[in-house]
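Take a look at the structure set out below.
In this chain, numbering begins with 1 at the start of the sequence shown.
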Amino acid sequence: MSKFVLYEDIHPTNYDTRSTKDVFGNPLEPLPSLIVLHETVYGVGSALATFKTKHTDLLKQASYHVLIAEDGRIIKILDPLKRAFGAGNSSFRGNSVQTNLRLPPSVNNFALHISLETPLDGEDNDPTHSGYSSKQYDSLSLILTDWMKKYHIPYYQITTHKIVDRSGERIDPRSFNWRALQDRLGALGMLCP
């Protein structure tokens, strides 16, 4: 079983409450309905330092709900009912929400964000690296199973930062092994509709 760690030092500029209305006053469902997978690019310590830092520049605000270290440790960053700033200019299957007129629409208001610690050989801009550890896939499947059950999120609502990103700049998580995740989710009974 993976060790769970609760991280409590996230700065309030790096997250918000989930909005119940968009900037036009249209009602929004605040419960999560999408899961976005990311990677840290650098180590867990670097990501945690970013989340701890006050960011007054809206474009630098960043957070995830969960980080998974290379050794499989699960670091809970933010309550899933809060809005993490994991994907800026983003959309999934044509769905996005604008909650701030100074920012482009994004999936953040209805997404859960989970990030895998990048291996050392991936701390660069190369399109691939050696991949994630078995312990990371084990922990990832546990968190996904919990979220899928709790928020009634089907497996086809799990995606990547690369897919939701509208800027074309994000490529994470690189070297992701979908088969490794599918095998684990299948064993947990989570791939049947």
Side-chain angles (χ1 to χ4, degrees), residues 2-18 32 34-90 92 103 106-144 146-147 158-177 180-181:
S2 300
K3 183 177 179 186
F4 287 84
V5 177
L6 183 60
Y7 182 75
E8 298 177 340
D9 290 335
I10 186 169
H11 194 275
T13 58
N14 291 317
Y15 68 95
D16 206 347
T17 57
R18 292 188 187 269
L34 177 70
I35 300 170
V36 181
L37 307 178
H38 301 264
E39 73 173 297
T40 60
V41 181
Y42 295 102
V44 165
S46 177
L48 294 177
T50 298
F51 304 153
K52 186 182 346 185
T53 303
K54 179 180 180 179
H55 290 107
T56 54
D57 180 346
L58 297 178
L59 297 175
K60 293 189 178 183
Q61 295 171 333
S63 58
Y64 305 123
H65 293 93
V66 170
L67 283 175
I68 299 177
E70 199 166 10
D71 64 6
R73 275 179 302 129
I74 297 170
I75 305 165
K76 295 183 177 184
I77 307 294
L78 192 57
D79 183 312
L81 295 179
K82 297 288 186 186
R83 179 165 39 117
F85 300 146
N89 183 6
S90 56
F92 184 69
L103 294 172
S106 79
V107 299
N108 289 337
N109 201 65
F110 56 88
L112 291 166
H113 297 278
I114 187 164
S115 185
L116 300 163
E117 181 178 21
T118 304
L120 281 175
D121 68 338
E123 293 185 356
D124 53 34
N125 291 324
D126 291 341
T128 63
H129 52 61
S130 60
Y132 309 101
S133 71
S134 291
K135 290 180 181 180
Q136 283 177 295
Y137 285 107
D138 291 344
S139 295
L140 177 60
S141 64
L142 291 175
I143 292 295
L144 292 179
D146 178 54
W147 286 348
I158 300 171
T159 189
T160 65
H161 196 184
K162 178 181 180 176
I163 290 173
V164 301
D165 178 54
R166 291 199 293 205
S167 73
E169 297 172 0
R170 306 295 180 199
I171 59 172
D172 61 305
R174 297 170 291 162
S175 302
F176 190 78
N177 184 342
L181 178 60

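- In this view, Thr56 satisfies the side-chain hydrogen bond (donor to acceptor under 3.5 Å, both in side chains) rule with no residue, not counting sequence neighbours.
- Residues Glu70 and Lys135 come closest through the heavy atom pair O-CB, 4.4 Å.
- A side-chain hydrogen bond (donor to acceptor under 3.5 Å, both in side chains) with Asn14 holds for exactly one of Lys60, His55, Gln61; it is His55.
- The aromatic rings of Phe51 and Tyr64 sit perpendicular, their planes meeting at an angle over 60°, well past the 30° parallel limit.
- Looking at Leu140 and Ile74, their side chains never come closer than 4.5 Å, going by heavy atoms from C-beta outward.
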Requested in this report: Show the numbers, then the answer: is there a side-chain hydrogen bond (donor to acceptor under 3.5 Å, both in side chains) between His38 and His113?
Outcome: CA-CA 7 Å; His38 301 264; His113 297 278; 2.8 Å; yes
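- Checked against side chain to side chain contact (heavy atoms under 4.5 Å, CB included), Asn125 has no partners two or more places apart in sequence or in another chain.
- Taking each heavy atom of Ser106 and Gly88 in turn, the nearest pair found is CB-O, 2.7 Å.
- For the pair Leu48/Ile77, a side-chain contact is recorded, criterion being any heavy-atom separation below 4.5 Å from C-beta on.
- Inter-residue side-chain proximity for Thr118 and Asp172 is flagged as unmet; no heavy-atom pair is nearer than 4.5 Å.
- Inter-residue side-chain proximity for Trp147 and Val66 is flagged as met; some heavy-atom pair is nearer than 4.5 Å.
- For the atom pair Asn89 CG and Asp165 CG, the distance stands at 7.0 Å (nearest 0.5 Å).
- Among all heavy-atom pairs drawn from Gly72 and Ser139, the shortest one is O-OG, 2.6 Å.
- Listed by chain and residue number, Phe92, Thr159, Thr160 satisfy the side chain to side chain contact (heavy atoms under 4.5 Å, CB included) test with Ile163 (two or more places apart in sequence, or in another chain).
- The salt bridge (charged side-chain N to carboxylate O under 4.0 Å, His left out) test applied to Asp57 returns no partner, not counting sequence neighbours.
- The distance from the CG atom of Leu67 to the NZ atom of Lys76 is 13.0 Å, given to the nearest 0.5 Å.
- Evaluation of the salt bridge (charged side-chain N to carboxylate O under 4.0 Å, His left out) rule for Glu39 yields Arg174 as partners, not counting sequence neighbours.
- Checked against side chain to side chain contact (heavy atoms under 4.5 Å, CB included), Lys52 has the following partners two or more places apart in sequence or in another chain: Tyr7, Asp9.
- Between Ser175 and Tyr137 the shortest heavy-atom distance is O-OH, 4.1 Å.
- Among residues two or more places apart in sequence or in another chain, the ring-ring contact (aromatic ring centres under 6.0 Å, His included) test is passed with His129 by Tyr132.
- A distance of 5.0 Å separates CD1 of Ile10 from CG of Leu78, quoted to the nearest 0.5 Å.
- Each ring-ring contact (aromatic ring centres under 6.0 Å, His included) pair with one or both residues in residues 66-90, not counting sequence neighbours, would appear here, but there are none.
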Query raised in the report: Can Leu181 and Phe176 be said to form a side chain to side chain contact (heavy atoms under 4.5 Å, CB included), step by step?
Result: CA-CA 9 Å; Leu181 178 60; Phe176 190 78; 3.9 Å; yes
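- Counting heavy atoms from C-beta on, the side chains of Ile158 and Leu37 come closer than 4.5 Å.
- In this structure, CD in Glu169 is found 13.5 Å from NZ in Lys162, a value given to the nearest 0.5 Å.
- Taking the side chain as every heavy atom from C-beta outward, Lys82 and Thr17 approach each other to under 4.5 Å.
- Between Asp126 and Thr128 there is no side-chain heavy-atom pair separated by less than 4.5 Å.
- Summarising the geometry of Pro127 relative to Ile171, their closest heavy-atom pair is CA-CD1, 4.1 Å, with the distance given to 0.1 Å.
- The side-chain hydrogen bond (donor to acceptor under 3.5 Å, both in side chains) check on Asp121 picks up Ser130, with sequence neighbours excluded.
- Ser141 meets the side-chain hydrogen bond (donor to acceptor under 3.5 Å, both in side chains) test with no other residue; sequence neighbours excluded.
- With sequence neighbours excluded, the residues that form a side chain to side chain contact (heavy atoms under 4.5 Å, CB included) with Arg18 are Pro30, Pro32, His65, Arg83, Asn109, Leu112.
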